[in-house]
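A quick write-up on the structure given underneath.
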Amino acid sequence: MIEIVFSTNNMNKFKEVKLQLPKDIRLISLKDIGCYEKIPETETTIRSNAIQKAKYIKEKYGFNCFSDDSGLEIDNLNGEPGVNSAVYAGLEKNSKKNINKVLKKLNGKKNRDASFKTIIALYLDDNLLTFEGICKGQITKKPIGIKGFGYDPIFIPKGFNKTFAEMTLKEKNMISHRGLAVNKLICFFNKLRPC
Ligand code: ITT
């Protein structure tokens with residue numbers, strides 16, 4: 001059994017990752033280790049933010065852990081909201097406002113290509129590893145669907161005709177940025193233990 005802390009305050013992420021992991025990898029939440037504070041997230045790239053969030057827990061609490069930093073990168077907006085995805089329309093991290101801001105900025109624009117990106121940073125003893133997942137797709141003209149979180153109602157992954165917010169968690173995990181990064185994490189853990 002592998003036990004690992006997931007350094008996130010986003011319970012939607014926690015749920016998605018928990019569903020995907022095999023039963024012998026047990027996720028420990030920040031609350032489980034008595035961490036209730038806001039984890040600093042002050043870097044300027046998705047990768048460095050992911051490392052910062054995992055490093056904070058490893059150094060302050062001493063646990064092996066991993067973090068997830070994700071963002072939506074829209075071609076026609078020069079990669080915005082990118083590293084600022086959570087706070088695009090303000091520090092209150094309001095998904096509805098974030099979505100409205102994106103739709104307003106893309107209003108009338110033909111090219112609606114975008115990608116979701118996740119970097120998972122894993123601190124295991126003294127080693128740091130990162131795993132990346134990218135999912136390409138298109139931004140819709142209006143929100144569709146009620147599942148998921150964040151920008152899910154306005155993102156249609158390439159090769160599909162429905163948004164992430166119309167998919168079950170299992171369907172989303174099979175193709176999403178986070179699902180792909182978590183698969184790489186699982187492969188890494190599989191190599192560490194006897195089969
Ligand atoms: P933690 O830092 O505590 O993990 P967070 O929500 O602040 O939680 P991020 O800094 O990675 O996480 O913010 C990324 C934002 O991008 C997130 O708040 C969502 O608005 C959006 N996002 C990330 N993954 C997403 C997904 O799978 N579907 C839709 N939106 C997503």
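Atoms considered below: every heavy atom in the structure, side chains included; atoms not considered: hydrogens, waters and symmetry mates. Both ligands and their constituent atoms are indexed starting at 1 by order of listing.
A side-chain donor-acceptor contact under 3.5 Å links Ser70 and Asp68.
Between Phe6 and Phe66, the gap from one ring centroid to the other is short of 6.0 Å.
Put simply, the residue from Lys13, Lys162, Lys172, Arg178 that forms a salt bridge (Lys or Arg N to Asp or Glu O under 4.0 Å) with Asp152 is Lys172.
Taking a heavy-atom cut-off of under 4.0 Å, ligand 1 is surrounded by Thr8, Asn9, Asn10, Lys13, Glu41, Lys53, Asp68, Asp69, Ser70, Ser85, Ala86, Lys93, Phe116, Phe149, Gly150, Tyr151, Asp152, Lys172, His177, Arg178.
Scanning all heavy atoms of the two residues, the minimum distance from Gly148 to Asn12 falls at O-OD1, 4.4 Å.
Ring-plane geometry between Phe116 and Phe164 is classed as parallel, the angle between the planes falling under 30 degrees on a 0 to 90 degree scale with a further cut at 60.
Stacking of Lys101 on the aromatic ring of Tyr88 is recorded, both the 6.0 Å distance cut-off and the 45° axial limit being met.
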